[in-house]
Amino acid sequence: MDKQTNICPDSSLKTHLVDIHEVLPGDEDEEEEGRTRMKKGLNRPVKLREVKRPPKSFSRQVSLETGFAALDRESKARDDRRILQRSGRSFGGFDAGDRIGRDARRSDFNIFRTKSTLYKQDSLLPTRKERLEMESKRTDDSNRVDDSVDRSVPAGRYFAALRGPELDEVKDCEDILLPKDEKWPFLLRFPIGCFGICLGLSSQAVLWRTLSTSPAIQFLHVTPFINLFLWLLALAVLLSVSFTYILKCIYYFEAVKREYFHPVRVNFFFAPWVACMFLATGAPPMIEPRRLHPAIWCTFMGPYFLLELKIYGQWLSGGKRRLCKVANPSSHLSVVGNFVGAILASKVGWNEAAKFLWAVGFAHYLVVFVTLYQRLPTSEALPKDLHPVYSMFIAAPSAASIAWETIYGEFDGLSRTCYFIALFLYVSLVVRINFFTGFRFSVAWWSYTFPMTTVSIATIKYAEQVPCVLSKGLALSLSFMSSTMVSLLFVSTLLHAFVWHTLFPNDLAIAITKERLVKGNKSFKKAYDIKRWTKQALKKNNSVDTV
């Protein structure tokens, strides 16, 4: 039994024990040490049980496409540590190359998230080695997507890629960064144009205050409680819309930046401050003090004036965002605030500041008006469906006439001139009924309300200066039309928002690429170049053979 169990030294020399296993970098030293021990202990009998195998180790395999960390089955039995499952769709920018051209893999909404919020997810990010491997696997297409997200999109690109009432629809030939067939987060679908609702309601509060206090409409005995109800409603809507958009600024600041570079939506960044000034001037008499404090004017006009310097500077200095390139009817919104600020400045007792704002607003109104009328050949063509914002043509001259009357206390010649310009533009748009039909309901429809209300208020001021049946009848007719429009749009907005859930579709306008990803002409040109090259090569070969 001893002879069978023990192996003599001579037989150990002839016996070759081969252990087939995966050689890891850290196991080479252990094998060398084992060989030296074998050489030193040749005279000592060696048992098969004493042969030490290297410790079993697990190999960690990481898939670059899905980021799923898998362990060997043996390591799972010994080690119960849980490994976090990662998905490439949960990180903005990772696996972007594979997402090009496939909507199923482009549902990564974090590319528009605020960068500061991404830094809070460091514990969920992959290791440095994995990050380097992922970056090495990125293709040129992914770099193109990152450039289109990080850098500003040119103004002309919006006109070329978008269409619709406010350039909010992507053309069929365009590709976007986010999926079209998947519902996006609410904040990404909430546009800056929602402040148009605040403009419509706050201007209605001013209208009904004027109707209740004007001596020309005194025979109607309009109760001031309508003004109080509309003022409270407008204040509640303004607070809710502002709070929602502040959340969007916090969580999706990249999307807000894209709206700022949008040629139409950039003008709606003036809307919240104009709505606040409307609420200040249209406050009910029962809660309004005798004279508003100048701090109210400074609070609302300060941010508006700083943004105005930025926008007007771009118009004046030229470049890609010069006025002849980005001018559209909504550009009047950046001008109207000057006249509304002049009215508020006059009410707080700062007449010189009111005159200054009126002058600045009137000068830029003339420039915008002439630019939109002539439409230089070098400028971008206005989309055909940009119909609702065409009513902005009425807002600026009517607000200018009201501001002039408030500053000087008389509806004189200049004030009447501005009013007659607004009245003519109003009639010229109303007679074109087909011009405002044929497209779906959206928040852009609220662009009708604010200009219609301002021209109604200007007509009431005109009726006070020229009291007659025609002026009073015109004032009542325009006021009824504007109030009816606001009521219909308010009911439609509630139905689309809370009943049909169609008020906020996917905001495709902010997801366009900086450059077109699919360019059919290039592939055709390349194929044509190859054909031409082959023809030239064949001609050369034929000429050589003939010689």
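On a predicted model such as this, the values are computed, not experimentally measured, just so you know. Throughout, residue positions are numbered sequentially from 1 according to the sequence presented. Atom set for the values below is all heavy atoms of this structure, side chains included, hydrogens, waters and symmetry mates excluded.
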Which heavy-atom pair separates Y158 from A509 by the least distance, and what is that distance? CE2-O, 3.9 Å

Closest non-hydrogen contact found for S240 with T244 is O-OG1, 2.8 Å

Are F278 and F450, when compared by the centres of their aromatic rings, separated by less than 6.0 Å? yes

Looking at the rings of F225 and F229, which for Trp means the six-membered one, are their centres under 6.0 Å apart? no

Of the options V266, V368, I311, which is the one that meets S331 in a side-chain contact (heavy atoms from CB on, under 4.5 Å)? V368

May I ask you to test the R157-E174 pair for a side-chain heavy-atom distance under 4.5 Å? yes

Can we call the ring centroids of F300 and Y304 under 6.0 Å apart? no

Any side-chain heavy atom of L508 within less than 4.5 Å of one from W184? yes

A quick test of your reading: do over 12 heavy atoms of other residues, nucleotides or ligands sit less than 6.0 Å from OH of Y260? yes

Check whether any side-chain N or O of K347 sits under 3.5 Å from a backbone N or O of T281 as a donor-acceptor pair, and report yes or no. yes

Is the backbone of I343 close enough, under 3.5 Å, to the side chain of S346 for a donor and an acceptor to pair up by distance? no

Are the side chains of W404 and F339 in touch, meaning some heavy atoms are under 4.5 Å apart? no

Tell me whether the count of non-hydrogen atoms from other residues, nucleotides or ligands lying under 6.0 Å of NZ in K171 goes above 12. yes

For a side-chain contact (heavy atoms from CB on, under 4.5 Å) with R209, tell me which candidate from I457, I226, N227 qualifies. N227

How are the rings of W445 and Y448 set to each other: parallel, tilted or perpendicular (split at 30° and 60°)? perpendicular

Counting N and O atoms only, with roles assigned by atom type, does the side chain of S330 sit under 3.5 Å from a partner on the main chain of N267, one being a donor and the other an acceptor? no

Spatial distance of atom NZ (K472) from atom CG (L220) [nearest 0.5 Å]: 9.5 Å

H496 and F441 aromatic ring geometry - parallel, tilted or perpendicular at 30°/60° bounds: parallel

List for me each residue that meets side-chain contact (heavy atoms from CB on, under 4.5 Å) alongside C249, sequence neighbours excluded, and say none if there are none. Y245, V256

Nearest 0.5 angstrom please: T484 OG1 to M481 CE, how far? 8.5 Å

Minimum side-chain heavy-atom gap I510-P191 below 4.5 Å: no

Backbone N or O of I192 within a donor-acceptor pair of the E259 side chain at under 3.5 Å? yes

May I ask you to check whether F420 and Y462 place their ring centers less than 6.0 Å from one another? yes

Decide side chain to side chain contact (heavy atoms under 4.5 Å, CB included) for D412 and S415; before the verdict, give the C-alpha distance in whole Å, the side-chain angles of both, and the deciding distance to 0.1 Å. CA-CA 5 Å; D412 57 3; S415 185; 3.7 Å; yes

Applying side chain to side chain contact (heavy atoms under 4.5 Å, CB included) to L414 and Y408, what does each step give before you reach the verdict? CA-CA 11 Å; L414 183 57; Y408 294 97; over 6 Å; no

Donor-acceptor pair between Q204 and S483 side chains, under 3.5 angstrom: yes

Could you check if a side-chain atom of F393 sits within less than 4.5 angstrom of a side-chain atom of P451, using non-hydrogen atoms only? no

Whether the side chain of S471 engages the backbone of P467 through a donor-acceptor N/O pair (distance < 3.5 Å, no angle test) should be reported. no

Report the distance from atom OG of S442 to atom CZ of F504, rounding to the nearest 0.5 Å. 11.0 Å

Check this for me, if you would: do R265 and D507 make a salt bridge, where the nitrogen-to-carboxylate-oxygen distance has to be below 4.0 angstrom? yes

I'd like to know if the side chain of S492 and the backbone of L489 have a donor-acceptor N/O pair within less than 3.5 Å. no

Is there a side chain to side chain contact (heavy atoms under 4.5 Å, CB included) between L199 and W446? Walk through the geometry before answering. CA-CA 8 Å; L199 283 177; W446 281 92; over 6 Å; no

Output, in order, the C-alpha distance, side-chain angles, deciding distance and verdict of side chain to side chain donor-acceptor pair (under 3.5 Å) for S214 and E464. CA-CA 7 Å; S214 175; E464 293 177 0; 2.5 Å; yes

Any chance you could measure R322, atom CZ, to S317, atom OG, to the nearest 0.5 Å? 10.5 Å

If every non-hydrogen atom of A275 is compared with every non-hydrogen atom of C198, which pair is closest and at what distance? CB-CB, 4.0 Å

Does any N or O in the side chain of R258 come within less than 3.5 Å of the main-chain N or O of I512, such that one atom is a donor and the other an acceptor? yes

State the OG-CG distance between S456 and L476, to the nearest 0.5 angstrom. 10.0 Å

What's the shortest heavy-atom distance between L429 and I394, and which atoms? CD1-CD1, 3.9 Å

Heavy-atom count around F498 CZ within 6.0 Å, excluding the residue itself: above 12? no

For V170 and L162, run side chain to side chain contact (heavy atoms under 4.5 Å, CB included): C-alpha distance rounded to whole Å, both residues' side-chain angles, the deciding distance at 0.1 Å, then the answer. CA-CA 5 Å; V170 180; L162 302 175; 3.7 Å; yes

Quick one: are I217 and T210 in side-chain contact, heavy atoms under 4.5 Å? no

Under the 3.5 angstrom rule, does the side chain of S482 hit a backbone N or O of S479 as a donor-acceptor pair? yes

Kindly give the heavy-atom pair with the smallest separation between T371 and A327, and that separation in Å. CG2-CB, 3.9 Å

Checking the side chain of N338 only, and the main-chain atoms of F362 only, is there a donor and an acceptor separated by less than 3.5 Å? no

With the side chain counted from C-beta on, respond yes when N328 and P263 share a heavy-atom pair under 4.5 Å apart, and no when they do not. yes

So which heavy atom on Y419 is nearest to which on S401, and how close? N-CB, 3.8 Å

Distance (rounded to the nearest 0.5 Å) between M301 CE and L306 CG: 10.0 Å

S202 side chain vs L279 backbone, donor-acceptor pair below 3.5 Å: no

Test item: W315 and V367 side chains (from C-beta on) under 4.5 Å apart, heavy atoms: no

Under 3.5 Å side-chain donor-acceptor pair for Y426 and S391: no

